[in-house]
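Here's the structure we're looking at; comments come further down.
All values reported here derive from a predicted model rather than from experimental measurement. Order of listing sets the numbers, starting from 1, for every ligand and every atom in it. Heavy-atom basis, side chains included; hydrogens, waters and symmetry copies ignored.
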Amino acid sequence: MLCASVVVFSIVICGSWSAEELKFPPSFMFGAASAAYQVEGAWNASDKGVSIWDKLLHDHPELVLDGTNGDVACDSYHQWRRDIEMCEELGLNMYRFSISWPRLLPSGFPNYISEDGKNYYNNLIDGLLEKGIQPLVTIYHFDLPQYLQDLGGWANPLVADWFQDYAEVVFSLYADRVKYWLTINEPMGICDGGYGKYSAPYFDDPEVGRYLCNKNVLLAHAKAYRIYEKLYKDQYHGKISLSTLFFWFKPFTPEDQEVTDLTIEHWEGRYAHAIYSKEGGWPPKLEKLLNDLAKKEGYKYPRLPPFTPEEVELVKGTYDYYALNHYTTRLVRRVKPGELPGKWFFDGSYEIGTIMFKDPLWDTTVADWFALYPEGLREQLHWLNSTYDLKEIVITENGVPSLDPGLVDTQRLEYYRDYLEQVLLAIQDGINVTGYNAWTLMDNFEWMGGYITKYGLYAVDFTCPNRTRTPRESARYFSAVTQSRMIRPTQGKTKLNYV
Ligand SMILES: *[C@@H]1O[C@H](CO)[C@@H](O)[C@H](O)[C@H]1NC(C)=O
Ligand SMILES: *[C@@H]1O[C@H](CO)[C@@H](O)[C@H](O)[C@H]1NC(C)=O
Ligand SMILES: *[C@@H]1O[C@H](CO)[C@@H](O)[C@H](O)[C@H]1NC(C)=O
Ligand SMILES: *[C@@H]1O[C@H](CO)[C@@H](O)[C@H](O)[C@H]1NC(C)=O
């Protein structure tokens, strides 16, 4: 399988290019993405409730690289007109943003809907549509109301109903205009991050809380999907999915194929198999491995909380497209006897007994977990297309970090060129990728990376009260691509390493 795909790719590389072949289809949607806590600021404006990120970083500024937080961020709560203008400058067809749960429902519950919160998102949606830009709305991007956290948050099974109630309010307000929805962004960030001392609520509970959360986010997503299906789908024909953080993984040697398959089940399958597979439920090999492990560790309950048959049916098939957040590729190998597995979930798994690392041939970035391997995106799109029954794939995040606040961001420009080329090649292969969202529209509050870590097409001056936004070289490149709907082939600088 692996060797076959290598051969196929090298044939494409040696083939001749024609300008016609390099064009994105006319219906292809270019976009950029953001998230409420990372850009909105106005953390205590009007009647907004407190989120778990507000609370965590007010209590523990030391967790963030530069001791900052999202209190003001890009001030998009006030600067949203400029955000729309930037989408227009970039020639975007789509803008992905998220709704802040505690801004819309200050108590977390629909007993009270904030008028100012409601209007903020109405203005943003209407402003985008006036410019012909489709809103792609994420209902939840990490900012749980703190009050719901106090009631157990994502580890409490009731959270699935709380989320359904919140989503129902969101649909009732915006479903008439929003056609592309994401229920939840990166469940892995919520559960593996939130219960693995990486993101709010910053618990250290990788054996129990992490997996209770895992099941509950799937149920929450499914209940929101079903409500839309029942109440709004016939009328508005919108599409719903959830966005999955999915690095691509390759075995270091052919002997590492089995642990690489398990790694894919651990990363992606835990949040996708129940939704996209024919049989539903947990990925079977991983379920056995984790539950055997829990038994060995003396736990009375399985690591992966079982689904009832009704729950399997509830969750199965709750997607209209696949939403992929892709950043990088990692090599995987089994640990040697006596060797310690990777400690952080980006570096390996103590449960599977693996280490993840980068091929020394791949170009590096400012993040040690992040190497450049554009071909990985195409290989992954092939894997997704052949593993699930997908009618449509939208890339909902793709981008590269830097530390340089300046406007000349050559590595980012080349990243977009090289990764978009792989998207185009996948489309030419016959995979229905219909959209691509750059992460991210502008520099913002990058969670534990604070304002030091930059991912923006636009630079933001965080010392200026207006949070002035200025396009980088990569933004000029991106708008040239959206205008011509073409990219020039790279003639395979990194591809040659691979072949
Ligand atoms: C909102 O928070 C800021 C600090 O970020 C504080 O200076 C301001 O007084 C607060 N406003 C209200 C209305 O509480
Ligand atoms: C790709 O997806 C779009 C949007 O759902 C759909 O209109 C189109 O028919 C699909 N194309 C193929 C080849 O399946
Ligand atoms: C992608 O999946 C569709 C539907 O299963 C299939 O018809 C198509 O041949 C696949 N494309 C590739 C390149 O494998
Ligand atoms: C901030 O924006 C306002 C409105 O666009 C403008 O009048 C003002 O000069 C700006 N201030 C700074 C410091 O750039």
### Query
Are any non-hydrogen protein atoms located under 4.0 Å from atom 14 (O) of ligand 1?
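At least one protein heavy atom is under 4.0 Å away.
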### Message
Under 4.0 Å from atom 2 (O) of ligand 1, can you find at least one protein heavy atom?
### Response
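So far as the 4.0 Å threshold goes, atom 2 (O) of ligand 1 is in reach of a protein heavy atom.
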Look at atom [atom1] of [X] and say whether more than 12 heavy atoms of other residues, nucleotides or ligands are closer to it than 6.0 Å.
X	atom1	value
Y147	OH	no
K233	NZ	yes
Y321	OH	yes

How close does the nearest protein non-hydrogen atom get to [atom], and which residue and atom is it?
atom	value
atom 5 (O) of ligand 2	E392 OE1, 2.8 Å
atom 4 (C) of ligand 1	W43 NE1, 3.9 Å
atom 8 (C) of ligand 2	N432 ND2, 3.8 Å
atom 6 (C) of ligand 1	N44 ND2, 4.1 Å

### Message
Quick check on contacts: which atoms of ligand 1 are under 4.0 angstrom from a heavy atom of D71?
### Response
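It comes down to these atoms of ligand 1: 5 (O).
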### Summary
Quick note on ligand 2: atoms under 4.0 Å from a heavy atom of K391 include exactly 1 (C), 2 (O)
### Message
Out of all atoms in ligand 2, which are within 4.0 Å of some heavy atom of K239? Include the element for each.
### Response
4 (C), 5 (O)
### Query
Going by the atom numbers of ligand 3, which of them fall below 4.0 Å from some non-hydrogen atom of G430?
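The list of qualifying atoms is 11 (N).
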#### Entry: Per-atom contacts of ligand 3 with D429, taking only distances under 4.0 Å to non-hydrogen atoms
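By the 4.0 Å cutoff, the relevant atoms are 13 (C).
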### Message
Between F28 and Y436 (judged by ring centroids, cut-off 6.0 Å), do the two rings come close enough to count as a pair?
### Response
no
### Query
Taking 4.0 angstrom as the limit, do K223 and E168 come out as a salt bridge?
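Judged by the 4.0 Å cut-off on N to carboxylate O distance, K223 and E168 do not form a salt bridge.
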### Query
Under a 4.0 Å N-O cut-off, is there an ion pair linking E258 with K285?
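Salt bridge: no.
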### Query
Looking only at N/O atoms, are N385 and ligand 3 under 3.5 Å apart anywhere?
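Yes - when backbone and side-chain N and O of N385 are compared with those of ligand 3, one distance drops under 3.5 Å.
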### Task
Please determine, by modelled atom types, if Y180 and T396 share a side-chain donor-acceptor pair under 3.5 angstrom.
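Checked: Y180/T396 side chains show no N/O donor-acceptor pair below 3.5 Å.
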### Query
With distance as the sole criterion, is a donor-acceptor pair present between the side chains of Y112 and D47 under 3.5 Å?
yes
